[in-house]
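For the numbers below, each heavy atom of this structure counts, side chains included, while hydrogens, waters and symmetry mates do not. Chain letters run A, B, ... following the sequence lines, proteins first, then strands; residues in each count from 1.
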Amino acid sequence: MDDLFDSIDMNGAPAREGIAEGAVLLHGKALPYETALLAAVDVIAAQAPFRRMVTPSGYVMSVAMTNCGRAGWVTDRTGYRYDRQDPDSGRPWPAMPPVFRVLAAEAALEAGYGGFAPDSCLINRYLPGARLSLHQDKDERDFSQPIVSVSLGLPAAFQFGGVKRKDAVKRYPLRHGDVVVWGGPSRLFHHGVLTVKDGTHPLLGRQRINLTFRAAL
DNA sequence: AAGTCACA
DNA sequence: CGAC
């Protein structure tokens with residue numbers, strides 16, 4: 001159940017916005033961690049470089065991906081799965097940095113999901129023109145655990161729909177530092193990201209980075 | 001099919 | 001928005 005009232009910051013903008021049953025957008029939640037998050041992404045990407053994966057139907061995704069944690073989400077011609085190893089290197093994914101765990105657990109708790117302990121973080125890099133079409137996160141073992149999504153860099157329009165693909169979809173602008181948490185009744189809701197527009201972010205330049213935390217195994 | 005295209 |  002969402003709170004009766006959204007919290008309001010000093011500028012009058014909602015800091016916490018309910019977007020569906022069990023789903024919350026936490027505006028600017030990641031800002032206190034931005035420097036540590038970005039440094040950690042660089043370390044991870046040096047060990048497991050961003051790569052554009054292939055879908056089962058043979059298309060190359062516009063979003064470039066890497067992972068950290070005990071398992072990483074991957075796709076290839078054989079399908080979607082969580083893999084403990086980076087298929088490109090054969091090595092385990094880089095460990096999940098403590099700052100990642102802390103932010104994900106804090107955000108989940110604020111959304112009403114205590115004890116969130118993600119074992120996987122998918123890191124998505126959107127250059128201008130990249131997009132992610134409407135889909136469900138359903139490759140995880142335990143749907144009782146929520147999803148935590150952290151936005152960094154260029155803004156993007158987040159689509160959030162329902163459990164059925166034809167359900168109505170709403171759009172929410174996501175800016176640097178925003179965190180979306182969804183779970184419970186909305187755990188399997190369809191979601192996506194519209195084509196990222198060109199622009200320049202002071203810290204990240206011409207890119208959007210998204211961190212998606214999941215309990216996958 | 002987490003993508004792309006055809007068509008209304 | 002549906003078909004592939």
Length of the [atom1]-[atom2] vector between [X] and [N], whole Å:
X	N	atom1	atom2	value
A/His190	C/dC1	NE2	C1'	14 Å
A/Leu134	B/dA1	CG	P	15 Å
A/Met53	B/dA1	CE	P	16 Å
A/His191	B/dA1	NE2	P	15 Å
A/Leu188	B/dA2	CG	P	14 Å
A/Asp76	B/dA1	CG	P	12 Å
A/Met61	B/dA1	CE	P	12 Å
A/Gln136	B/dA2	CD	P	9 Å

Indicate, with a heavy-atom threshold strictly under 4.0 Å, whether [X] touches base, sugar-phosphate, or nothing.
X	value
A/Arg81	nothing
A/Asn124	nothing
A/Thr55	sugar-phosphate

Whole-Å P distance, B/dA8 and B/dT4: 22 Å

Residues A/Asp137 and A/Arg187 bridged, charged N to O under 4.0 Å: no

Intra- and interstrand pairs of DNA chain B - dot-bracket, Watson-Crick/G-U under 3.5 Å, | marks other strand: ..|||...

Given B/dA1, B/dT4, B/dA2, the nucleotide with the shortest approach to the side chain of A/Ser57: B/dA1

Minimum-distance nucleotide to A/Pro56 side chain [options: B/dA2, B/dT4, B/dA1]: B/dA1

Option among A/Phe116, A/Tyr113, A/Phe160 that satisfies the ring pair (Phe, Tyr, Trp, His ring centres under 6.0 Å) test with A/Trp182: A/Phe160

Can you find a heavy atom in the side chain of [X] that is under 4.5 Å from one in the side chain of [Y]?
X	Y	result
A/His191	A/His135	yes
A/Trp73	A/Met65	yes
A/Val181	A/Glu110	no

Under-4.0 Å side-chain N/O to phosphate OP1/OP2 contact, A/Tyr59 with B/dT4: no

Sequence-distant partners of A/Ala64, side chain to side chain contact (heavy atoms under 4.5 Å, CB included), two or more places apart: A/Phe50, A/Arg52, A/Arg125

A/Arg214-A/Tyr82 side chain donor-acceptor pair, cut-off 3.5 Å: yes

